[in-house]
Amino acid sequence: MDCLPLETGLVSRSLEETECLAEHFYRMIRPDAVVALFGPLGAGKTCFVRGVAKAAGIDPVEVGSPSFTLINEYPGGETPVFHFDLYRLKSPAEFYAIGGDDYLNRSGIILIEWAENGGEYIPRKRFNVRFEIVDERSRRLTFSRSD
Amino acid sequence: MIILGLETSCDETSAAVVVDGRRVLSNVIHSQLVHRRFGGVVPELAGREHIRRIVPIMNEALGAAGKTLADIDGFAATFGPGLVGALLVGLSFAKALAYSTGRPFYAVNHLEGHIAANLLAHEELGEEFLTLLVSGGHTMLVGVNGFGNYTVMGRSLDDASGEAFDKVAKILGLGYPGGAAIDDLAKTGNPAYIRFPRALPDPARIDFSFSGLKTAVALYVKNHPPEEIQHHLADIAASFQEAAVDALCDKTVIALRRTGLSVLALSGGVAANSRLRAKLQAACDHLGVRLVYPPSELCTDNAAMIAAAGAIHLLRGEQSPFDINAIPYQKLI
């Protein structure tokens, strides 16, 4: 993580570049990492998850948006990937209502879209990735770590 | 054969009583629509809420059907795909009912339930048709060659079609549920106002993609003054809907041509969209294909379709073991 520019962030110029960045990110994190993803609709969060899953050896075709189902599980790689999407949550308490806390003790990488909707239920020890829309194709990704 | 079905794969808690897999005696769905004025699901998203709702919902379904548990010949419940904590409630409950009454039990794939919805709605329907499943969680084209024999011809590579409608409705500041809000508003708009991208135009591919369309609408709104967006809200909604419906129609026509199937069965919550129905009807008329879709209570997630699918398997003498688990990432085949 320390080799990534934390302040300025990185600019991805396409969906493919975002996916590629995510593949590199995967190689820098432990197989039990929690990753919170922040950014507006269409900023590339699901695309980033696809890249991480791909790097973990999961068929990227399996990665879809869990906005409706809230949590997608992708087994079959070298480490399981749990893909949360808290877009529909109206209050952090709903994170418990959907059984989100059950996943926090399971082994696997947890990626959480719209993590801000999970409030205090999201583990403090985690990586944060912020997505900004620069223009039609470009997105700025800023990485940080919190404990 | 009277089957009690339970469905708890996502937000809806539903119980239904169905006879011979063909006739619905009751179909009770704990609907979120009553909460529309709050702009979403209140008090909480389902998941663990299913535990509180499942017994009263089942009793309501039995009461509405004029039956008691003693009249039930078998039980069916969804085992996947869905949210694991949600699936477990209906599945465990149905297993317990079957175990304690000594009646057979079948664990139903939610996606097969959506296919069974049209068999339930159209008694005369044969078992060979193309299903276009369009909902908040799924978008796929499935060739049905006899119940249980499926070919997945295409699926969404990212967002489901219903999800695209909901998210665009939110971007445009429309109400909940988003699908109905866009459908209504689009009726007064110009569908040719903006040409939003049609994803994956390559006719060799039958898969769908709605993420790029959602992003295109978000960027359009971001790059235009709010007054202009407000003034043209209906035009933007209609233009988005046209792009989404075109993608669904184009790929469906390719699948119909490729399979030579003569019936198209529409299923899932987005099947209620009036523009989708109209455009598919026109395409089907042109191809000489019959278009069918279930009534709205069988389009959304519901237990009647699960009971119907379970009944077809149970009538064939197939049963599920009690150690079957919920599988959140279960595929159709």
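Worth saying up front: this structure is predicted, and the values here are computed from it rather than measured. In what follows, chains carry the letters A, B, and so on, assigned in the order in which the sequence lines appear, proteins first and then strands, with residues in each chain numbered from 1. Computed from heavy atoms alone, side chains included, the values below leave out hydrogens, waters and symmetry copies.
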Chemist: Give, as side chain, backbone, both or neither, the part of A:Tyr74 having an atom under 4.5 angstrom from any heavy atom of chain B.
Modeler: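 No part of A:Tyr74 comes within 4.5 Å of chain B.
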Chemist: State, with a plain yes or no, whether a side-chain heavy atom of A:Phe48 is found less than 4.5 Å away from one of A:Leu37.
Modeler: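 With C-beta onward as the side chain, the pair touches.
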Chemist: Looking at side-chain heavy atoms only, is the closest gap between A:Arg88 and B:Asp11 below 4.5 Å?
Modeler: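 Counting from C-beta outward, A:Arg88 and B:Asp11 do come under 4.5 Å.
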Chemist: Answer yes or no on whether A:Arg130 is positioned over the face of A:Phe38, meaning its NZ or CZ is under 6.0 Å from the six-membered ring centre and within 45° of the axis.
Modeler: yes
Chemist: Counting heavy-atom pairs closer than 4.5 Å to chain B, which one of A:Pro75, A:Gly64, A:Pro40 comes out on top?
Modeler: A:Pro75
Chemist: Given that the side chain runs from C-beta out, which part of A:Tyr103 has a heavy atom under 4.5 Å from chain B: side chain, backbone, both or neither?
Modeler: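 Side chain of A:Tyr103 only, per the 4.5 Å heavy-atom cut-off to chain B.
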Chemist: Where does B:Lys167 contact chain A at under 4.5 Å (heavy atoms): side chain, backbone, both or neither?
Modeler: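 Both parts, backbone and side chain.
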Chemist: Return the set of residues passing salt bridge (charged side-chain N to carboxylate O under 4.0 Å, His left out) with A:Arg137 (not counting sequence neighbours), or none when no residue passes.
Modeler: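 Applying salt bridge (charged side-chain N to carboxylate O under 4.0 Å, His left out) to A:Arg137 gives none.
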Chemist: With only heavy atoms counted, which part of A:Pro60 is less than 4.5 Å from chain B, the side chain, the backbone, both or neither?
Modeler: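 It is neither, since no heavy atom gets under 4.5 Å.
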Chemist: Check for me whether B:Lys170 meets the cation-pi criterion with A:Tyr87, that is, NZ or CZ under 6.0 Å from the six-membered ring centre and within 45 degrees of the ring axis.
Modeler: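 Here B:Lys170 passes the 6.0 Å and 45° test against A:Tyr87.
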